[in-house]
Amino acid sequence: MLKALIKKQIAESMIRTFQRGTVNSSGKANRKRRLRENGTMIIMVIAAVYLAAMFTFFSVVLCRELLSVDLGWLYYLFASGAAIIFGTFGSVFSTCFTLYMAKDNDLLLSMPIPIRDVILSRLFSVYLMSMLYSGLVAIPAVIVGWILGGISFPKCVGGLVLVLLLSLIVTGLSCLLGWVVAKLSQRLKNRSFLTVLIALSFLGLYYYIYFQIMSRVENLLALVILLGGNIRNSAYVIYVFGMIGEGHWLGMLCWTAGVLLILGLIWLVLQKTFLSLSTATPTPKRAVYREKIGRRRSVSSALLRREWNRFASSANYMLNCGMPLLLLLGFGGYMLFGGRKLVRTMSIVLGHVRGAVPVMLCAACCMLGGMVDISTPSVSLEGRSLWQLQCLPITPWQALRAKLSLHLNLTILPVLFCSTVLMYLPQGSTTTIQRALIVTISLLNTVFFALFGLFLGLKLPNFSWTNEIVPIKQSLSVFIAIFSGIGLSMAFGGFFVLFGWRIGTTLWMSIFAVFYLVADIALYLWIRGPGSRRFTAL
Amino acid sequence: MLKIDHLTKRYGDKLAVDDLSLHIASGEIYGFIGHNGAGKTTTLKSAVGILQFDTGSITIDGIDLKDDPLSCKAKLAYIPDNPDLYDFMSGIKYLNFIADIFGVDPTERTQRIRTLADRLGLTEDLAQPISAYSHGMKQKLALIAAWIHAPKLILMDEPFVGLDPRASHLLKQMMREHCDQGGAIFFSTHVLEVAEKLCDKVAIIQQGQLIRSGTMEEVKGDDSLEEVFLELEAESC
């Protein structure tokens with residue numbers, strides 16, 4: 001029974017990643033599907049390697065520094081913190097919808113399946129997700145620790161135990177936070193906005209506690225160096241966790257026992273509450289209908305409003321695809337008040353690369369703007385209601401334009417604010433043209449990712465999802481969109497430092513501006529022509 | 001009102017609709033009968049412009065669907081077998097959205113919503129999110145949305161599934177009223193008794209091919225529609 005359920009969960013995950021909305025059994029279609037599946041696999045491997053490489057790079061830098069002062073345990077502690085943050089934030093909403101709010105809960109519960117098996121199969125899925133996210137940080141960190149710090153049998157076991165414990169901790173945290181989100185979301189009227197608020201509060205609180213602990217540990221470290229070390233007395237539990245990576249047997253035993261105990265408690269709570277939570281009907285306050293004569297909207301306005309309603313009704317959509325908007329505003333605000341100091345530091349660090357500051361500032365704005373992926377899942381989110389757009393008297397372009405408009409309407413202003421602040425920050429040799437290019441490239445980058453997201457949504461649609469988190473977060477198109485956003489801006493900044501500075505800042509920025517402009521036009525023409533036809537045929 | 005000429009539609013190697021021709025005139029309720037997978041939904045979806053067909057032509061009120069799909073779609077309404085509406089909207093927001101797309105005047109739409117929602121007993125629930133609706137309520141909302149812009153032609157796929165007896169009775173009345181006012185209705189159903197009592201004309205489709213069509217009397221003669229349908233099924237097996 002359990003095996004069959006786990007198989008179903010795995011099959012669902014595979015479908016999420018590989019399957020398109022339409023099914024066609026012809027030989028040509030099968031060949032196309034195989035090609036797409038292989039392509040998907042290759043892209044996912046590249047993305048995983050890319051992420052692992054990024055975390056390996058950070059691990060090498062951190063490990064070298066901390067090993068030089070004999071603080072290997074602190075290195076493992078930092079790496080663990082990063083793995084927990086990355087893992088929990090990556091999987092909490094998926095957990096909520098996989099474990100508590102899955103659409104097939106009713107179906108499974110109506111079958112002669114023990115509830116325990118349903119929970120276990122769902123937990124298996126959650127664990128895989130937690131393992132994937134935390135492992136991307138933890139595994140490179142442990143390997144780097146082995147290479148730079150030397151390998152021994154206890155360290156080898158400690159590293160493996162650490163990776164395992166981190167995945168379990170992330171699973172436990174995801175279950176708890178997911179439970180809170182599911183519980184609250186059933187009782188609130190404007191639950192999407194409140195869920196976003198709650199999620200952001202959790203995230204803020206988590207970061208606050210994490211940095212408080214870290215600053216405390218750092219302070220204690222200074223005391224250790226100065227006074228001969230009483231860190232073990234002040235933050236012993238945390239210290240012991242870090243020591244697991246160093247092969248500390250007692251630490252492994254205690255933390256494993258502690259984590260298993262907490263997971264056992266979570267398991268008990270889950271068994272008690274799963275049925276009531278997964279079968280509960282949301283009971284927000286009943287809205288009363290009052291007849292009123294509204295105003296008539298144009299077709300464009302009605303379609304845009306429909307897109308906004310969808311965006312605002314889903315906490316998942318807002319958090320996963322719109323969160324960078326807050327980061328843009330936050331970054332812009334921070335740079336407005338504290339940017340000069342940061343720019344001075346950048347000038348010192350990048351002193352040997354002439355004219356790097358405006359490029360780096362622009363790349364930062366582009367990276368945040370490129371991470372907004374509202375348009376990417378918008379096609380797949382039509383799901384089973386796609387028939388409505390197809391039988392209404394509207395052109396495909398009108399429907400697609402509304403999706404683009406929502407992305408651009410929400411993104412342009414934060415990008416404009418952020419880039420305008422950044423434009424005034426560089427001092428010295430930065431020219432007016434370079435300042436103008438910061439804003440221009442940032443805006444063209446925003447348009448590019450709105451169009452590129454829609455292009456991916458049309459090329460890789462998935463209408464067969466049972467959980468909206470699939471098109472929003474777990475689809476290949478979103479995966480490509482986010483990594484392209486990060487990759488392109490890193491290429492813009494990174495390649496300048498490597499060789500671009502030779503041709504000069506203005507020319508380098510101009511090349512990227514032209515690239516974005518040409519790409520924007522090409523994508524726009526594709527969406528208006530072949531893309532619209534593709535939308536009709538979906 | 002709706003003219004389907006030599007319609008053919010394939011899914012890969014599978015022939016879903018094979019050279020099907022039908023003509024539905026104004027004032028007619030036209031029933032479409034066939035076993036599961038016979039090609040009813042494919043025909044309906046092709047007629048509303050959701051599916052692209054391979055050969056043949058479809059004209060609505062004299063306008064070719066392929067030449068001018070928007071004008072055709074402006075004249076029709078479609079209700080699928082499982083009305084997956086926008087769960088993220090409330091009932092009233094959904095109706096206003098549909099009315100905006102079809103350019104229905106605000107005063108007129110308010111009046112129509114009042115009349116239709118009262119008739120179907122949905123007024124109290126119009127402010128609720130569609131995600132909280134039952135299947136029957138969604139079906140009722142889809143009916144109001146279909147009628148809100150006073151289309152000339154209404155196409156429905158299994159419209160009676162999920163409706164309570166009162167709503168089913170009302171729907172039959174609404175269908176008749178619509179056709180009496182010069183509209184046309186083309187709908188598929190498995191409920192042969194309903195088809196027999198309600199339809200002016202009926203078509204029976206089997207494995208994508210039209211095997212019999214015409215007025216109810218022409219199709220069934222002195223037998224019941226059920227007997228004729230089962231007989232035709234047996235002949236082909």
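Reminder, nothing fancy here: chain letters follow the sequence lines and each chain counts from 1.
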Any residue of residues 19-47 of chain B which, by heavy atoms, sits under 4.5 Å from chain A: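 Hits under 4.5 Å: none found.
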Tell me the residues of residues 48-71 of chain B whose non-hydrogen atoms fall below 4.5 Å from those of chain A, in number order.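 At a heavy-atom separation under 4.5 Å, chain A is reached by B/Val48, B/Gly49, B/Ile50, B/Gln52, B/Leu70.
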B/Tyr86 and A/Arg310 side chains, donor-acceptor separation under 3.5 Å: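 Side-chain D/A pair, A/Arg310 to B/Tyr86: absent.
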Examine the side chains of B/Tyr78 and A/Gln390 and answer whether a donor and an acceptor come within less than 3.5 Å of each other.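 Note: B/Tyr78 and A/Gln390 side chains miss the donor-acceptor criterion.
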Which atoms of [X] come close to chain B, meaning under 4.5 Å heavy atom to heavy atom: side chain ones, backbone ones, both, or neither?
X	answer
A/Thr395	both
A/Val288	backbone
A/Arg295	backbone
A/Leu386	neither

Proximal component of B/Asp125, with respect to chain A [non-hydrogen, under 4.5 Å]: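 Both backbone and side chain.
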Given heavy-atom pairs under 4.5 angstrom as the criterion, report whether the side chain, backbone, both or neither of B/Ile92 touches chain A.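 Looking at B/Ile92, just its side chain touches chain A.
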For the residue pair A/Arg305 and B/Phe97, would you count it as a cation-pi contact if the rule is NZ or CZ under 6.0 angstrom from the ring centre and within 45 degrees of the ring axis?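 Not satisfied by the 6.0 Å and 45° rule.
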Which heavy atom in A/Arg297 sits nearest to a heavy atom in B/Asp100, and how many Å separate them?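 Closest pair (atom of A/Arg297, atom of B/Asp100, distance): N-OD1, 3.1 Å.
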Shortest non-hydrogen contact between A/Ser385 and B/Asp84, atoms and distance: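 For A/Ser385 versus B/Asp84, the nearest heavy atoms are CB-O, 3.1 Å.
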